[in-house]
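Worksheet for the structure shown next.
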Amino acid sequence: MSHSPDLSIQMLSRTSLLAPVRCMLVSFAERIGFDETASGHIALAVDEALANVIRHGYSGRDDCRVWLHFWELHEPAGLRIVVEDYARQVDPELIRGRDLSDIRPGGLGVHLIRSTMDSVRFEKRREGGMRLTLEKLLGAAPVQSAA
Amino acid sequence: MSHSPDLSIQMLSRTSLLAPVRCMLVSFAERIGFDETASGHIALAVDEALANVIRHGYSGRDDCRVWLHFWELHEPAGLRIVVEDYARQVDPELIRGRDLSDIRPGGLGVHLIRSTMDSVRFEKRREGGMRLTLEKLLGAAPVQSAA
Amino acid sequence: MSKSVSVTIQSEKLPDGVVLAPSGEIDLSRSPSMRAQVAEVMKTAPKRLVIDLSGVPYMDSSGVATLVEALQSTRKCGAKLLLCALTPRVRSILEISRLDTVFTIVADRAAASSD
Amino acid sequence: MSKSVSVTIQSEKLPDGVVLAPSGEIDLSRSPSMRAQVAEVMKTAPKRLVIDLSGVPYMDSSGVATLVEALQSTRKCGAKLLLCALTPRVRSILEISRLDTVFTIVADRAAASSD
Ligand SMILES: Nc1ncnc2c1ncn2[C@@H]1O[C@H](COP(=O)(O)OP(=O)(O)O)[C@@H](O)[C@H]1O
Ligand SMILES: Nc1ncnc2c1ncn2[C@@H]1O[C@H](COP(=O)(O)OP(=O)(O)O)[C@@H](O)[C@H]1O
């Protein structure tokens with residue numbers, strides 16, 4: 001991350017803030033050149049990531065902090081989003097989607113993030129908490145159903 | 001400002017970021033209970049404030065920083081928005097709308113901010129730059145044409 | 001805990017069941033309210049539950065989980081669940097989740113009330 | 001400087017002038033493009049300039065400034081400027097700015113082409 005983000009958000013871990021963040025992100029992605037479908041997928045991925053930080057990382061507490069950073073990427077064009085928290089640390093290997101053929105409520109979030117974004121990386125932050133780095137390029141392969 | 005904001009934004013002084021911020025703000029205001037018209041007015045006020053920081057404060061440079069902080073207010077219900085910069089300091093007295101009966105392009109921003117928000121305060125920040133504090137309460141008097 | 005925001009759901013009686021038409025974006029702040037309202041309706045033992053999604057421009061995985069729960073509880077009672085009038089984003093999330101073939105999805109309320 | 005984003009403006013010829021129909025939100029990132037396109041059209045010396053705002057859900061004071069400039073340049077040439085099909089937010093900003101009585105505002109393109 002050589003240069004500073006175009007835009008950063010610091011928010012409380014409240015589900016009522018998911019909608020404002022999605023709205024901002026759809027507009028940001030559309031200005032970069034993503035079409036309506038792709039912008040919607042980007043907003044969905046971030047929504048799922050935030051929902052997981054709130055539910056799993058912070059166990060549903062609404063007074064903790066989450067940071068989001070947004071970059072427009074050039075050559076190739078696209079965007080990068082980083083989600084950071086001070087929540088419970090988990091081994092990145094353990095954050096994975098379940099078998100979709102087992103039809104049950106829940107367990108779709110990580111699948112949705114992986115299938116809508118081109119690059120997804122979870123890591124433990126040295127200072128505590130987790131970091132998720134998402135990237136999506138303009139004109140990359142369209143979204144596929146999760147395998 | 002006793003408690004920390006619900007949501008804060010740090011952004012570059014780019015006009016392309018005005019739209020994402022407006023979108024976020026409309027959604028934030030609607031969740032608090034403002035109707036479509038009032039939410040649109042809040043987004044307009046912040047849009048005008050940011051445009052002024054970019055044009056007047058930072059002379060159109062697009063690599064400077066602006067901070068926004070948003071609070072939902074309770075008893076009475078409403079919202080507070082603070083816009084901060086490290087731009088040129090101006091005497092708050094000098095930031096005022098012009099006579100509207102003189103029809104010419106420009107000079108409407110401060111009028112729009114004052115007529116759409118219930119409380120508007122410009123001040124010099126001790127650490128440099130300016131701070132604008134805006135408040136709007138739910139169920140306050142409707143917006144009037146600027147006098 | 002985060003406050004849950006209530007979802008406005010219109011309902012309409014059918015000869016053999018009920019249509020529910022939620023409106024607004026169904027995300028983690030709203031799905032608990034939708035889940036509660038679906039559970040309430042299931043107590044009336046409908047033979048057919050239609051969920052008209054025309055008023056739902058966006059749904060995340062918590063909304064999808066609510067639909068899967070509705071599917072499971074209708075199956076348990078031998079009732080039928082039909083989804084209708086999906087907006088593009090809602091259709092997309094069901095497709096990515098491979099649930100578009102698990103649910104019975106029809107074009108509109110008329111088709112859902114009479115198949 | 002911030003990049004200006006171009007506004008898509010459709011245009012239609014009238015017997016005595018032209019209709020311009022910009023689309024999208026007109027804010028500080030877009031008003032320079034709209035200003036340039038209006039100036040371009042004014043070079044053709046239309047007797048009537050109609051700006052159809054049905055595709056503009058939002059406009060800030062920089063968009064309003066562009067309209068005031070258009071008003072001034074049509075007046076200078078003895079031409080007529082008409083605004084039509086205002087969306088609620090655009091009407092509201094003109095009202096707050098006390099410009100709703102300064103501009104000639106009509107309901108739709110038909111009314112604007114023939115008054
Ligand atoms: N931010 C996070 N912090 C901790 N654990 C997480 C996080 N995100 C995901 N996980 C883990 O990954 C699993 C799969 O997440 P997901 O696919 O979103 O399904 P669900 O949240 O419905 O269980 C979760 O059950 C949880 O154990
Ligand atoms: N953030 C700011 N920093 C410095 N000066 C400002 C700022 N905001 C407003 N002003 C001053 O107030 C005047 C009125 O602003 P405004 O009503 O928005 O009209 P305009 O920007 O079109 O001149 C500006 O011309 C400028 O001198």
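Computation of the quantities below employed the complete heavy-atom set of this structure, encompassing side-chain atoms and omitting hydrogens, waters and symmetry-equivalent molecules. Naming convention: chains lettered A, B, ... in sequence-line order (proteins, then strands); numbering from 1 in each chain.
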**Item:** chain D interface, residue from B:Asp47, B:Leu50, B:Leu18 that has the most non-hydrogen pairs under 4.5 Å
**Value:**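 Looking at each option in turn, the highest pair count goes to B:Asp47.
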Interatomic distance, [X] atom [atom1] to [Y] atom [atom2] [nearest 0.5 angstrom]:
X: B:Leu108; Y: D:Ser62; atom1: CG; atom2: OG; value: 10.5 Å
X: B:Ser115; Y: D:Arg98; atom1: OG; atom2: CZ; value: 10.0 Å
X: D:Arg89; Y: B:Thr37; atom1: CZ; atom2: OG1; value: 8.0 Å
X: B:Leu17; Y: D:Ser29; atom1: CG; atom2: OG; value: 9.5 Å

**Asked** side chain to side chain contact (heavy atoms under 4.5 Å, CB included) with B:Leu73: which residues, sequence neighbours excluded?
**Response**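 Once residues adjacent in sequence are excluded, the partners of B:Leu73 under the side chain to side chain contact (heavy atoms under 4.5 Å, CB included) criterion are B:Trp71, B:Arg80, B:Glu135, B:Leu137.
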**Message:** I'd like to check the side-chain hydrogen bond (donor to acceptor under 3.5 Å, both in side chains) partners of B:Glu123; sequence neighbours left out, ordered by chain and number.
**Reply:**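 side-chain hydrogen bond (donor to acceptor under 3.5 Å, both in side chains) check on B:Glu123 returns B:Arg121.
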**Asked** Who pairs with B:Asp85 by side-chain hydrogen bond (donor to acceptor under 3.5 Å, both in side chains), at least two apart in sequence or on another chain?
**Response**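 B:Asp85 satisfies side-chain hydrogen bond (donor to acceptor under 3.5 Å, both in side chains) with no residue once adjacent residues are dropped.
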**Asked** Minimum heavy-atom separation for B:Gly106 to D:Ala65, with atom names?
**Response**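 So the minimum-distance heavy-atom pair works out to N-CB, 3.6 Å.
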**Request:** Give the minimum heavy-atom separation between B:Leu112 and D:Ser61, together with the two atoms involved.
**Result:**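 The answer is CD1-CB, 3.7 Å.
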**Message:** Counting only non-hydrogen atoms closer than 4.5 Å, does B:Thr116 touch chain D with its backbone (N, CA, C, O), its side chain (CB onward), both, or neither?
**Reply:**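 For B:Thr116, side-chain heavy atoms alone lie under 4.5 Å from chain D.
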**B:His111 versus D:Ser97, side-chain donor and acceptor atoms under 3.5 Å** =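 There is no such pair between these side chains.
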**Request:** Could you check B:His41 against D:Ile96 for side-chain contact (heavy atoms from CB on, under 4.5 Å), going step by step and ending with a plain yes or no?
**Result:** CA-CA 10 Å; B:His41 284 153; D:Ile96 302 172; 3.7 Å; yes
**Asked** With a cut-off of 6.0 Å (strictly less than), are more than 12 heavy atoms of other residues, nucleotides or ligands near CD of D:Gln10?
**Response**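 No, the 6.0 Å shell around CD holds no more than 12 heavy atoms from other groups.
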**Message:** Using a 6.0 Å cut-off, check whether atom CZ of B:Arg125 has over 12 heavy atoms from anything other than its own residue.
**Reply:**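 Counting other residues, nucleotides and ligands, CZ of B:Arg125 exceeds 12 neighbours.
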**Message:** Using modelled atom types and a 3.5 Å cut-off, is there a donor and acceptor pairing between side-chain atoms of D:Gln72 and backbone atoms of B:Arg104?
**Reply:**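 Looks like no, no N/O pair under 3.5 Å.
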**Item:** Side-chain ion pair, D:Asp60 and B:Arg22, N-O less than 4.0 Å
**Value:**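 Not counted as a salt bridge, because no side-chain N and carboxylate O are separated by less than 4.0 Å.
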**Asked** Relative to chain B, which segment of D:Leu99 carries a heavy atom at a distance below 4.5 Å: side chain, backbone, both, or neither?
**Response**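 The answer is the side chain of D:Leu99.
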**Asked** Tell me, do B:Ile103 and D:Val68 make a side-chain contact under 4.5 Å, heavy atoms counted?
**Response**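 Side-chain contact under 4.5 Å: yes.
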**Item:** Residue-level interface, residues 14-21 of chain D with chain B, non-hydrogen cut-off under 4.5 Å
**Value:**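 Heavy-atom contacts from residues 14-21 of chain D to chain B are absent.
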